[in-house]
Amino acid sequence: MFDTISYGRILKVVSRGYWLLFPFVLAVYLYTMAPTVGLIDSGELATGCYFLNILHPTGYPLYTIIGHLSSIVPVGSVANRTAGLSAVFGAAGIGLFFLLLRFMGVGMAAGFGTALVLAFSHTVWSVSVDVEVYAFTLVLAVLVWITVARRYLLLFGYAAGLVLTNHMSAVSVILGAGLALVLEEGKYVRRRVPAMVLLFMLGLSPYLFLVLRARAGPLLAWGNPVNLERFFWHVTGKQYQVWMFSLPFSEVMENAGKGLLLLARSFVYVLVPVVFYGAFRLFRLRRNLAIGLGVTALLSFLYAINYSIPDIEAYYIPGILALAVFCAVGLDGIARRVGRWRHLLWVPGVLALVFNFSGASRRGDYVAYDQAMNTLASAEKNAIIMTDWWDLHAPVFYLQHVEYVRPDVCIIDKELVRRSWYFNYLAEEYPWLIKNSRSELERYLGFLDRFEHGRLHDQVGIQHAFIRLLESFAVNNPDRPAYTTFAWDASPDAKQMFRSYRWVPVGILFQVRTDTIVPEFNYSKLKVRPSPRSDMRTQANLEHYGFFAQRRIQALRARTRNKEAQAVLRWYQSIR
């Protein structure tokens with residue numbers, strides 16, 4: 001029953017389903033797409049595609065190349081173009097998923113209904129409407145499973161290499177799909193190993209872009225992978241490994257509970273029993289494929305719950321994809337029993353669309369853009385801003401370099417100062433900054449080199465050099481006003497910085513001053529649009545306005561400037 005369908009029916013499959021599904025899903029994605037640069041990695045990715053930068057680990061070379069082509073299409077802003085690419089990838093991934101199901105022999109109603117559920121699951125939908133790499137991972141992962149369903153051994157080798165050039169979460173796909181092929185084809189696979197390995201290496205070849213482009217000197221070369229050592233560090237995500245598989249058991253269990261809830265929500269809860277039914281049914285009909293899908297789902301889950309980062313949801317996509325296949329097989333079994341009522345199997349897809357619309361849609365979401373613009377508006381001309389806030393730094397990075405907003409401002413990511421490659425960017429963009437802090441930088445780089453190579457024993461020394469370097473950026477450039485986005489008591493690092501200075505709240509920044517003057521600032525010029533989203537990350541970013549308003553009011557009242565304090569309070573109440 002679940003043998004692959006004949007080639008003669010492929011055109012019929014495409015005409016009856018794919019060309020209905022793809023444009024519908026794409027239209028919804030485009031309608032709910034982010035209007036401009038967003039939170040998390042959006043700014044870095046959009047800028048990276050436009051300038052062909054080296055992106056954060058693991059580099060995403062194929063995405064960068066394709067993203068560059070989309071970024072030069074003369075429609076909308078660069079952020080619009082690269083977000084639109086995510087929408088195209090997402091819709092294409094759903095269309096290919098539908099074809100995968102049809103190739104397996106899943107009926108039209110069950111296949112179409114499951115494809116809609118997957119398309120409008122919160123996880124897939126949210127990465128398809130913003131500048132992100134994960135929608136492309138979906139496309140490549142589905143292609144891998146198509147090669148398994150069709151038993152294309154050589155194409156599997158190529159697709160397995162290709163999917164690894166986009167995201168390491170796809171390792172679970174390769175292991176599960178590879179196991180399914182080995183179980184199904186046995187000796188035939190062993191005879192094809194040399195050719196498959198060769199094609200696998202060919203699939204990995206886009207990684208050469210990282211070395212070649214890094215040597216060409218792009219705007220930002222994250223990790224600076226110009227040699228084998230740094231290349232290996234970058235593609236394996238060395239800097240992120242500290243957060244992997246090092247969590248206490250209690251936190252892993254907490255993550256597991258959240259993960260199970262996320263998976264249940266992905267199938268609108270009511271389809272969870274159908275997923276188990278489909279897994280049982282596929283195991284009976286095509287056991288080896290079921291085992292491979294199960295391994296992928298399990299490995300994806302274990303990887304996600306053992307990785308401590310806030311934006312972990314997208315790491316579940318390989319597992320959600322595998323479970324969606326089970327769901328489709330389960331719905332197909334139901335469809336064969338309900339006869340003409342099988343068209344009701346599209347209802348869960350409609351429920352997913354309605355249920356997840358408010359949470360996944362980015363339409364009208366200007367939180368990151370407004371925050372970046374308001375931060376820049378809070379700073380005087382030729383200012384230096386130090387931040388530890390990626391949700392701010394990435395959008396500002398995009399606005400300054402792509403849309404040329406306030407290029408006079410020097411913004412420094414405090415956390416990236418912990419990486420030696422970051423100083424290449426600082427030296428290129430702000431040569432005066434590096435020149436004026438040369439002695440502090442040389443001392444710090446000596447510690448940093450030992451740290452990056454695992455030979456550092458003086459933790460106190462590197463921390464002291466780190467703090468002195470950060471301070472020198474402000475102290476050694478007295479003609480430039482210096483600011484931070486964090487308070488003096490925000491972290492252990494902040495508590496060690498500028499101890500003989502005053503931190504004065506101005507706009508949504510703290511100005512570091514040698515006196516106690518609180519400069520005037522008109523808060524009404526800050527534009528804060530309400531967000532249609534209510535997720536924790538969005539709310540955390542919006543809460544910064546309240547934090548700075550409170551600190552500003554306290555500072556003004558301490559100086560009996562009550563009228564100004566009342567104006568700040570009225571402003572904050574107007575944006576809540």
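Note that this is a predicted model, so its numbers are computed, not measured.
Sorted by first and then second residue, the ring pair (Phe, Tyr, Trp, His ring centres under 6.0 Å) pairs with a member in residues 34-54 form an empty list; sequence neighbours excluded.
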Tell me which donor-acceptor pairs under 3.5 Å the side chains of residues 352-363 have, and how far apart each pair is, sequence neighbours excluded?
residue	atom	partner	partner atom	Å
N356	OD1	R265	NE	3.2
N356	OD1	R265	NH2	3.2
N356	ND2	F120	O	2.8
N356	ND2	A352	O	3.3
S361	OG	R363	N	3.2
R362	NH1	A360	O	3.0
R363	NH1	Y31	O	3.0

Which pairs would a plain distance check flag for residues 478-486, meaning a side-chain donor or acceptor within less than 3.5 Å of a matching protein atom at least two apart in sequence or in another chain?
residue	atom	partner	partner atom	Å
R480	NH1	N382	O	3.2
Y483	OH	E380	N	3.2
Y483	OH	E380	OE2	3.3
T484	OG1	F486	O	2.6
T485	OG1	T387	OG1	2.7

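Shown here are the ring-ring contact (aromatic ring centres under 6.0 Å, His included) partners of F89, two or more places apart in sequence or in another chain: F136. Taking D493 as the reference, K414, R418, Q463 meet the side-chain hydrogen bond (donor to acceptor under 3.5 Å, both in side chains) condition, with sequence neighbours excluded. In this view, Q550 satisfies the side-chain hydrogen bond (donor to acceptor under 3.5 Å, both in side chains) rule with no residue, not counting sequence neighbours. Take R81 and apply the side-chain hydrogen bond (donor to acceptor under 3.5 Å, both in side chains) test, not counting sequence neighbours, and it matches no residue. Remark: E313 engages no residue in a salt bridge (Lys or Arg N to Asp or Glu O under 4.0 Å) (not counting sequence neighbours). Listed by chain and residue number, S524 satisfy the side-chain hydrogen bond (donor to acceptor under 3.5 Å, both in side chains) test with N522 (two or more places apart in sequence, or in another chain). Under the ring-ring contact (aromatic ring centres under 6.0 Å, His included) criterion, F548 pairs with F510, not counting sequence neighbours. For the ring-ring contact (aromatic ring centres under 6.0 Å, His included) test, no residue two or more places apart in sequence or in another chain qualifies with F423. For Y422, the ring-ring contact (aromatic ring centres under 6.0 Å, His included) criterion is met by Y425, not counting sequence neighbours.
A ring-centre distance under 6.0 Å is not found for Y63 and Y60.
For the residue pair Q371 and H544, no side-chain donor N or O sits within less than 3.5 Å of a side-chain acceptor on the partner. For the residue pair S172 and S300, no side-chain donor N or O sits within less than 3.5 Å of a side-chain acceptor on the partner.
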